[in-house]
Number of protein chains: 2
Amino acid sequence: MVHECKSKRTVETALEILVGKWKPVILFHLIDQGTLRFSELQRLIPDVTKKMLTTQLRELEYHDIINRKVYAQIPPKVEYSITEYGEGLKPVLLSMHEWGLTHLDHLDDLYGESQETIEK
Amino acid sequence: MVHECKSKRTVETALEILVGKWKPVILFHLIDQGTLRFSELQRLIPDVTKKMLTTQLRELEYHDIINRKVYAQIPPKVEYSITEYGEGLKPVLLSMHEWGLTHLDHLDDLYGESQETIEK
DNA sequence: CCGGATCCATTAGGATACTG
DNA sequence: CAGTATCCTAATGGATCCGG
């Protein structure tokens with residue numbers, strides 16, 4: 001029985017943090033690598049534009065999920081890492097990952113192997 | 001180390017299922033109550049319009065997360081329930097809920113008690 | 001009672017060019 | 001290197017009215 005009071009809000013807030021086209025990938029890389037520079041993230045996520053990468057990073061930073069460390073030097077150097085608080089998201093990401101694994105198989109059952117992904 | 005191959009996709013697919021303004025609430029009610037009629041869901045979620053409720057239910061149904069059972073009678077009666085497959089989402093929702101609980105507290109620490117929610 | 005159809009507002013996402 | 005600024009498109013959410 002996980003209901004009533006403010007309970008429903010909780011899932012929404014978690015979603016609010018995670019939702020964003022590039023946020024899960026960013027988090028995975030940061031969790032995996034610990035600390036990464038902006039350019040490294042860009043290299044690891046080839047399809048993201050600088051603007052979008054910046055936007056998503058700023059949103060994660062705003063929610064205190066990642067740290068942004070700026071080195072005052074030329075050329076600039078900015079490093080991103082998961083905050084201690086952000087570490088708390090690991091179980092969430094992990095359970096989503098676990099579910100996603102079986103879901104991809106389930107998709108094959110439902111629609112056959114023909115399609116590449118789920119989107120449209 | 002949960003990286004490489006198709007792994008990142010898994011989190012995205014999980015998100016894809018859950019994302020939608022009313023989906024978490026719908027799922028919570030269905031998990032909590034078992035089976036609910038359209039009108040009951042509407043009553044439980046006062047702010048949702050019929051169109052939006054329909055849309056979100058259809059998307060969940062499309063992904064095989066909920067069942068839609070139509071009784072051929074006048075007046076119509078339609079019941080929704082979680083599919084067996086959809087049950088697999090429970091751990092995900094639960095971990096998001098757990099995280100959300102501490103997150104709401106963390107929000108108070110960050111910005112004070114002044115604000116009502118996180119949105120905007 | 002449970003929708004569908006239409007139209008409109010808001011938001012998320014992106015291409016491109018420029019900058020300290 | 002790590003971003004902004006501008007402009008644009010696509011997707012999402014919603015108000016309202018119609019229908020079996």
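A, B, ... follow the sequence lines: proteins, then strands. Residue 1 opens every chain.
Residues passing the side chain to side chain donor-acceptor pair (under 3.5 Å) test with A:Lys90, sequence neighbours excluded: A:Glu87. Partners of B:Lys69 by salt bridge (Lys or Arg N to Asp or Glu O under 4.0 Å), not counting sequence neighbours: none found. With sequence neighbours left out, the side chain to side chain donor-acceptor pair (under 3.5 Å) criterion links A:Glu61 to no other residue.
If you take NZ of A:Lys21 and P of C:dA15, they are 8 Å apart, rounded to a whole angstrom. In this structure, A:Glu12 places its CD atom 12 Å from P of D:dG13, rounding to the nearest Å. The separation between A:Trp22 atom CH2 and C:dA12 atom C1' is 13 Å, rounded to whole Å. Remark: C1' of D:dA2 and CG of A:Leu44 are 16 Å apart, rounded to the nearest angstrom. Atom P of nucleotide C:dA12 and atom CG of A:Leu60 are separated by 14 Å, given to the nearest angstrom. For the pair A:Arg43 CZ and D:dC1 C1', the computed distance is 14 Å after rounding to whole Å. A:Leu18 places its CG atom 15 Å from the P atom of C:dA12, with the value rounded to the nearest Å. Going from atom CG of B:Leu15 over to atom C1' of C:dA12 covers 15 Å, rounded to whole Å.
Atoms CG and NZ, on B:Leu30 and B:Lys23 in that order, are 13.5 Å from each other to the nearest 0.5 Å. A:Glu59 CD to A:Ile66 CD1: the interatomic distance, rounded to the nearest 0.5 Å, is 10.0 Å.
Sparse packing is recorded around CD of B:Glu84, with 12 or fewer heavy atoms of other residues, nucleotides or ligands lying under 6.0 Å away.
Defining each end axis of the helix from C:dC1-D:dG20 to C:dG20-D:dC1 as the rotation carrying four pairs' C1' atoms onto the next four, with five pairs an end, the two axes are found to diverge by 50° to 10 degrees.
Using bins of under 30°, 30° to 60° and over 60° for the plane-to-plane angle, the ring pair B:Tyr85/A:Trp99 lands in the tilted bin.
The side chain of A:Ser39 contributes an N or O atom lying less than 4.0 Å from OP1 or OP2 of D:dA2. Between A:Arg37 and the phosphate of D:dA2, there is a side-chain N or O to OP1/OP2 separation shorter than 4.0 Å.
Listed here is the closest heavy atom pair of B:Leu18 and B:Leu89: CD1-CD1, 4.1 Å. In terms of heavy-atom proximity, A:Ser95 sits nearest to B:Pro91 at OG-O, 4.3 Å.
B:Ile17 pairs in a side chain to side chain contact (heavy atoms under 4.5 Å, CB included) with only one of the listed residues (B:Asp64, B:Leu27, B:Ile65, B:Val92), which is B:Ile65. Each of B:Asp47, B:Leu57, B:Leu60 was checked for a side chain to side chain contact (heavy atoms under 4.5 Å, CB included) with B:Trp22, and the lone residue meeting it is B:Asp47.
Near-neighbour residues of DNA chain D inside residues 71-80 of chain B, defined by a heavy atom below 4.0 Å, number-ordered: B:Pro76. Contacts between residues 45-58 of chain B and DNA chain D, defined by a heavy-atom separation below 4.0 Å, involve B:Thr49, B:Lys51, B:Met52, B:Gln56, listed by number.
The nucleotide whose nearest atom lies closest to any side-chain atom of A:Arg68 is, among C:dG3, D:dG3, D:dC1, D:dG3.
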